2 protein chains.
Amino acid sequence: MNDRTQLLKGTLEGCILQVIRGEEAYGYEISEKLRMAGFPTVSEGTIYPLLLRLEKNGLLTATYRDSPYGPRRKYYRLTELGELALKDFYRQWRELVSCVDRLFAGNEGE
Amino acid sequence: MNDRTQLLKGTLEGCILQVIRGEEAYGYEISEKLRMAGFPTVSEGTIYPLLLRLEKNGLLTATYRDSPYGPRRKYYRLTELGELALKDFYRQWRELVSCVDRLFAGNEGE
DNA sequence: ATCACATACCTTGTCATACAAGTTAGTTGG
DNA sequence: CCAACTAACTTGTATGACAAGGTATGTGAT
């Protein structure tokens, strides 16, 4: 009925910002890292539009670089605005988690 | 840019099931309880369609009862299917939380 | 050379769902 | 009578995840 895709809404954007935060990364790499973090496979139809949107909104900047293994890669870096958005996301995320926890407190084991 | 509404996607459904789980409740009451749990005010344009959808999908059953204070209330109860869906939601929710936590582990304080 | 496969990026169209704004109704109190 | 609260519902809009498909480059096997 309701698959995980609805749960991901909004979360993914923040998680991608977090992945890029440490060091610049390109799309294909980001989806690998998310998979390694345990996320269900993130579709390319999800990730590329999202990256373009973040770039357009000024949270990311991009530069193309050649790859030794295939076509050139588009590396993304966080802007100042991106850092702020990331902090903001994490704050809101923690708040949501604590609300849900409060609601489910007492009957986890059932 | 991205307000909390996107973060709520999918989460709300499970939380409403959880509110109803303990004892039957009606829409207006549910939105109050969510607010008390710390959720940002949940719009009526959100909650009533959601309840109708859950009813239509067989996760909830409803009975009307008179109210001493206003128009009659529509009380919802969880079905077997609803209980299963709730368990399923919580499992997926915990999984998502642990993925995000894994990603952000190490630099919470910044 | 050719074919399969992995890498790498992008586009189009579809679906689910949260919300704003508005509608209809009942009750209570000034 | 009117305002305020309770209570449910409808319509229209925007967002964002995804499936499916397209383009292109490099590597290794046949």
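Quick caveat: nothing in here was measured; it's all calculated off a predicted structure. All heavy atoms count here, side chains included; hydrogens, waters and symmetry mates do not. Letters A, B, ... mirror the listed sequences (proteins, then strands); counts begin at 1.
Atom P of nucleotide D:dA17 and atom CD1 of A:Ile30 are separated by 14 Å, given to the nearest angstrom. In this structure, the CD atom of B:Glu13 is 8 Å from the P atom of C:dA18, given to the nearest Å. If you take CZ of B:Arg35 and C1' of D:dC5, they are 13 Å apart, rounded to a whole angstrom. Here the P atom of nucleotide C:dA16 and the CD1 atom of B:Ile16 are 18 Å apart, to the nearest Å. When rounded to the nearest whole Å, the span between CD of B:Gln6 and P of D:dT13 equals 18 Å. The OH-P distance, from B:Tyr28 to C:dT27, rounds to 16 Å in whole Å.
Here A:Glu55 pairs with A:Lys74 under the side chain to side chain donor-acceptor pair (under 3.5 Å) rule; sequence neighbours left out. For B:Tyr75, the ring pair (Phe, Tyr, Trp, His ring centres under 6.0 Å) partners are B:Tyr26, not counting sequence neighbours. Partners of B:Glu83 under the salt bridge (Lys or Arg N to Asp or Glu O under 4.0 Å) rule, at least two apart in sequence or in another chain, do not exist in this structure. Remark: B:Arg102 engages no residue in a side chain to side chain donor-acceptor pair (under 3.5 Å) (not counting sequence neighbours). Applying the salt bridge (Lys or Arg N to Asp or Glu O under 4.0 Å) rule to B:Glu32 yields the partners B:Arg35; only residues at least two apart in sequence or on another chain are considered. Residues satisfying the ring pair (Phe, Tyr, Trp, His ring centres under 6.0 Å) test with B:Tyr48, not counting sequence neighbours, are none. Among residues two or more places apart in sequence or in another chain, the salt bridge (Lys or Arg N to Asp or Glu O under 4.0 Å) test is passed with A:Arg77 by A:Glu24.
Residue-level contact check: A:Phe39 touches neither bases nor backbone, having no heavy atom under 4.0 Å from any strand.
No N or O donor and acceptor, one from the side chain of A:Lys9 and one from the base of C:dT17, sit under 3.5 Å apart.
The stretch residues 61-75 of chain B comes close to DNA chain D through B:Tyr64, B:Ser67, B:Pro71, B:Arg72, B:Arg73, B:Lys74, each having a heavy atom under 4.0 Å from the strand. Residues from residues 41-54 of chain B with heavy atoms under 4.0 angstrom of DNA chain D, sorted by number: B:Glu44, B:Gly45, B:Tyr48, B:Pro49, B:Leu52.
In this structure, A:Thr79 contributes its side chain and A:Gly58 its backbone to a donor-acceptor pair below 3.5 Å.
In the set D:dA7, C:dA18, C:dT17, the nucleotide with an atom closest to the side chain of B:Tyr26 is D:dA7.
Interatomic distance, CD1 of A:Ile16 versus CD1 of A:Ile47, reported as 4.0 Å (0.5 Å rounding).
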